[in-house]
Amino acid sequence: MATPLTDSERRKQISVRGIAGLGDVAEIKKSFNRHLHFTLVKDRNVATPRDYYFALAHTVRDHLVGRWIRTQQYYYEKDPKRIHYLSLEFYMGRTLQNTMINLGLQNACDEAIYQLGLDLEELEDIEEDAGLGNGGLGRLAACFLDSMASLGLAAYGYGIRYEFGIFNQKISNGWQVEEADDWLRYGNPWEKARPEYMLPVHFYGRVEHTAQGAKWLDTQIVLAMPYDTPVPGYKNNTVNTMRLWSAKAPNDFNLQEFNVGDYIQAVLDRNLAENISRVLYPNDNFFEGKELRLKQEYFVVAATLQDIIRRFKSSKFGCRDPVRTSFETFPEKVAIQLNDTHPALAIPELMRILLDVEKLAWEKAWDVTVQTCAYTNHTVLPEALERWSVHMFEKLLPRHLEIIYEINRRHLDRISAMYPGDGDRLRRMSLIEEGDPKRINMAHLCVVGSHAVNGVARIHSEIVKNTVFKDFYDIEPEKFQNKTNGITPRRWLLLCNPGLADVIAEKIGEEFLTDLYQLKKLLNFIDDDTFIRDLAKVKQVRFCEIDENLVCRFSS
Ligand code: D6G
């Protein structure tokens, strides 16, 4: 019996993880040493394992930069339809290993780090998790970003750069206790702050109706500062962007207080504005109705829509199209996917911009909005459905409340015309729930304001059509779809279970890594004893306990 291979040794044999060419290895070592010296300002006598992790992360990141710039240039040149995935959660996890795999650099890095007398797996373990999500909804958003980049689609993830992600769970004296997830404490080598793209977001204030249209006045401003993270596709040279917004107080925040002499208080109060992006709400499937959460939801939507419209206006076929009227082409160039109702304010916010800023007529603005937005429903649990109090909206987003009322008026007029005298149906389908307090049903807003609505599993999509949104399905069945949640086989198979990936690839090749349907080919081996034995073995194996018979025989 030969000595079992370590996981790290096994990884070196696998072609899908990249071939460790001598040139690559030398270049990675050089770059690693350069970053240790110039970026970390350390030498090998004083460097900590975390310094080594950062030196490697910067080395790998360098390989992304050219591809990232070229991908974005290409999008500006070709002006394809862009997909914007809006989500209050992106559960990205760790980045280093995934990036090495997608760039085909893993074996070269493994070898370089080994030659430097270090251990790659040890360094990988130092990376903090980007835990900006609760569970399935946030991980779906992350898997979609990976998938869209791997398909070469012009896609953007838009969300919030929470300073504290999902809490760490500790068990203390037999009890579960939560600990703050200070994931940015040591810095994040994968993000790039973009202060040059900082945008204002307005809250509170009042609405004035003038001959020139509605004006939202006397608002409080919070700035949204974007941080860009590269999202590499799997071995296709595409690098998309995830843009997460961080709240910054404007420099004149609470200056009135400064004028009356309390400069220190004014500076301390800046925290109030910046609290918007402080922490992820750890509520999975439960609606709490807190004002800070509503602020988060509007914050991401308002900053994102300004960004999308800026890009649209500068695109070839956007507002610069001389033949078509402005914004007519918007839905041909812009898709906005709402990950649950959390970013639902995109609907009234897009309406506000089109009506009050761009001066479109209501019908045109509504048509553009509906054709642009699509909504993914994640749950039918009543306690999870977002129903914001009208009172809170009146205070925080008065213009949006007016727009939602008008959307509802037109929607109910239409239902009345279809079902005369059916008051019960009107009550059931209204965006506004009467009662104390009066509430806005955000799921109804999403269904009415989108051209497509999907559930995330076949049975779930059936329930959506037959129960929660039945009245809506009755009038517009073509809107309703199913999109069963998927996962990326790169992270969740190749990266998480390299042994299993090897056994599969040995039989059917590597195509399943980009086309999971290929796994069907394994049915041909259902009676293949060696294959079944290898599968059974891989299920038993934890990390490095592996039999020499399982050494993978990948083509290189
Ligand atoms: C990313 C990569 C960078 C590019 C930028 C474009 O930060 O190379 O210039 O995105 O941002 P937008 O102008 O598309 O927002």
Side-chain angles (χ1 to χ4, degrees), residues 39 57-87 90 92 95 98-99 102-103 130 132 141-142 144-146 148-161 184 187-201 223-233 236-248 277 299-321 327 329-337 343 346 349-350 353 372:
T39 313
H58 282 289
T59 300
V60 172
R61 182 181 172 277
D62 287 350
H63 288 256
L64 283 170
V65 170
R67 292 175 171 96
W68 196 7
I69 291 174
R70 278 195 298 278
T71 302
Q72 302 308 312
Q73 279 173 348
Y74 181 80
Y75 293 160
Y76 274 97
E77 268 160 37
K78 297 280 172 211
D79 199 18
K81 183 169 186 173
R82 288 168 159 97
I83 306 159
H84 309 86
Y85 198 81
L86 270 63
S87 181
F90 284 95
M92 302 298 279
T95 295
N98 188 63
T99 308
N102 282 14
L103 298 184
L132 309 187
F144 268 141
L145 294 190
D146 178 283
M148 291 189 287
S150 296
L151 289 166
L153 297 172
Y156 299 77
Y158 274 106
I160 295 180
R161 179 183 178 269
L184 294 167
N188 175 3
W190 304 104
E191 68 184 10
K192 177 75 191 83
R194 292 279 184 220
E196 69 276 25
Y197 289 125
M198 197 143 60
L199 294 167
V201 175
L223 299 173
M225 159 106 121
Y227 286 76
D228 288 355
T229 299
V231 181
N236 67 353
N237 290 327
T238 294
V239 180
N240 285 339
T241 303
M242 175 176 71
R243 182 162 283 178
L244 301 182
W245 304 100
S246 177
K248 289 285 290 172
S277 55
F299 176 72
V300 60
V301 156
T304 300
L305 278 172
Q306 291 178 71
D307 215 35
I308 292 175
I309 289 172
R310 173 202 35 100
R311 222 181 264 120
F312 170 72
K313 284 188 170 177
S314 68
S315 77
K316 259 193 238 163
F317 303 106
C319 285
R320 282 164 41 201
D321 186 335
F327 284 93
T329 53
F330 196 72
E332 290 166 32
K333 290 292 162 191
V334 176
I336 294 179
Q337 188 68 39
E349 174 66 359
L350 182 53
I353 296 169
T372 302

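Given the structure is predicted, the values throughout are model-derived calculations rather than measurements. In listed order, ligands and their atoms are each counted from 1.
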If you scan the protein for heavy atoms around atom 9 (O) of ligand 1, do you find one that is closer than 4.0 Å?
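Flag for atom 9 (O) of ligand 1 set to false, no protein heavy atom closer than 4.0 Å.
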Judging by distance only, is a nitrogen or oxygen of Arg311 under 3.5 angstrom from one on ligand 1?
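N/O-N/O distance below 3.5 Å exists for this pair.
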Sub-3.5 Å N/O-N/O distance, Arg194 and ligand 1:
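Yes - when backbone and side-chain N and O of Arg194 are compared with those of ligand 1, one distance drops under 3.5 Å.
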Looking at Tyr76, is Arg82 sitting on its ring face, NZ or CZ under 6.0 Å from the six-membered ring centre and within 45 degrees of the normal?
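The answer is yes; both the distance and angle limits are met.
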Within 45° cone and under 6.0 Å: Arg311 NZ/CZ vs Tyr75 ring:
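Here Arg311 fails the 6.0 Å and 45° test against Tyr75.
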Identity and separation of the nearest protein heavy atom to atom 6 (C) of ligand 1
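Closest protein heavy atom to atom 6 (C) of ligand 1: Tyr197 OH, 4.0 Å.
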Nearest protein heavy-atom contact for atom 1 (C) of ligand 1: which residue, which atom, what distance?
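Answer for atom 1 (C) of ligand 1: Asp228 OD2, 3.3 Å.
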Which one holds for Tyr75 and ligand 1: side chain close, backbone close, both close, or neither close, with close meaning a heavy atom under 4.0 Å?
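Within the 4.0 Å criterion, Tyr75 makes no contact with ligand 1.
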Record the part of Lys192 in heavy-atom contact with ligand 1 below 4.0 Å; permitted values are side chain, backbone, both and neither.
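It is neither; nothing of Lys192 touches ligand 1.
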I'd like to check which ligand 1 atoms, numbered from 1 as shown, lie under 4.0 Å from a non-hydrogen atom of Ile69.
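What qualifies from ligand 1 is 8 (O).
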Distance under 4.0 Å to a non-hydrogen atom of Arg243: what atoms of ligand 1 satisfy this?
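Listed by number with element: 10 (O), 11 (O), 12 (P), 15 (O).
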Could you point out which residue of Arg161, Arg243, Lys192 forms a salt bridge (Lys or Arg N to Asp or Glu O under 4.0 Å) with Asp228?
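Answer after filtering Arg161, Arg243, Lys192: Arg243.
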